[in-house]
Every structure is written in structure tokens, then in C-alpha cells.
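Sharing a structure, written as C-alpha cells. Questions coming.
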Amino acid sequence: MTIEEAQQTVDRWIHTYGVRYFSELTNMAVLTEEVGELARVMARRYGDQSFKPGEKDNLADEMADVLWVLLCLANQTGTDLTEAFRRNLEKKTARDKERHKNNPKL
Ligand SMILES: [Mg+2]
């Protein structure tokens, strides 16, 4: 699935099952909430915390939750994430193509 197809899939799902998008600000709050849930799993899997009994190590699902809400926000704000990602990659490459290679900490 391409990024464009993912945006279209989310849009179809929202209009089929979700009635309408939550407002942009609500989805911004939901994105923050989902990032927190991802952080919780990361802290338990890779950090010093441990899973409580019954808690699931659902890293992939939490990443998908973050992606879902980001795709919603892209659709709501008229953002073409394919183009945005392409431009962002160009920007990072122009800015950092030597920087990381020259970082002795890496
Ligand atoms: Mg979640």
C-alpha cells in the first residue's frame, strides 16, 4: 500500500464507518494520546519498566494507531503526505548527508 492509498483508505473508512472526522484539534489530541501509548510500550520493551500482568506488548498496533491519526490529520488539512515525505527526504539529505557520517558518536 502506498502512502496515497493509505490516505484514501482512511478517508473511505471514515466516511463508511466513522460518520465524519473528529475535528483537527481533537485528532491532534488523539495523536498525542497515541504517541503516549507507543511510548508506554517502548518504555516496557526497551526501557527500564516492565509489563504489568495482562498488559500486551502491542508495539506494531500502537505504531499503526499513530499512523492512522496522522493520516486522518493529513486528509483533514489537505496534505499530500507522499509529496510532503518526498520533499522532507530531500531536505534531510541536503542538510545531513555528511553530518551523521562525520559524527564520532555514531
Ligand atoms: Mg493506541
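First listed ligand is number 1; within each ligand, the first listed atom is number 1.
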2.8 Å cut-off met by an N, O or S atom of Asp61 to the Mg ion (ligand 1): no
Criterion side-chain contact (heavy atoms from CB on, under 4.5 Å) on Leu81 and Leu71, from CA distance to verdict: CA-CA 8 Å; Leu81 275 180; Leu71 291 165; 3.8 Å; yes
Minimum-distance N/O/S atom that Glu34 presents toward the Mg ion (ligand 1): OE1
Metal proximity, Asp65 vs the Mg ion (ligand 1), N/O/S cut-off 2.8 Å: yes
Side-chain ion pair, Arg86 and Glu83, N-O less than 4.0 Å: yes
Residue Glu62 atom name (nearest to the Mg ion (ligand 1); N/O/S): OE1
Backbone N/O of Glu98 and side chain of Asn102: donor-acceptor pair under 3.5 Å: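 Pair found, side chain donor or acceptor close to backbone of Glu98.
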N-O pairing of Glu55 and Arg40 below 4.0 Å: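 Between Arg40 and Glu55 there is a salt bridge, with a charged N closer than 4.0 Å to a carboxylate O.
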Which atom of Glu37 approaches the Mg ion (ligand 1) most closely (N/O/S): OE1
Asn27-Tyr21 side chain donor-acceptor pair, cut-off 3.5 Å: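 Not at all, the side chains of Asn27 and Tyr21 share no donor-acceptor pair under 3.5 Å.
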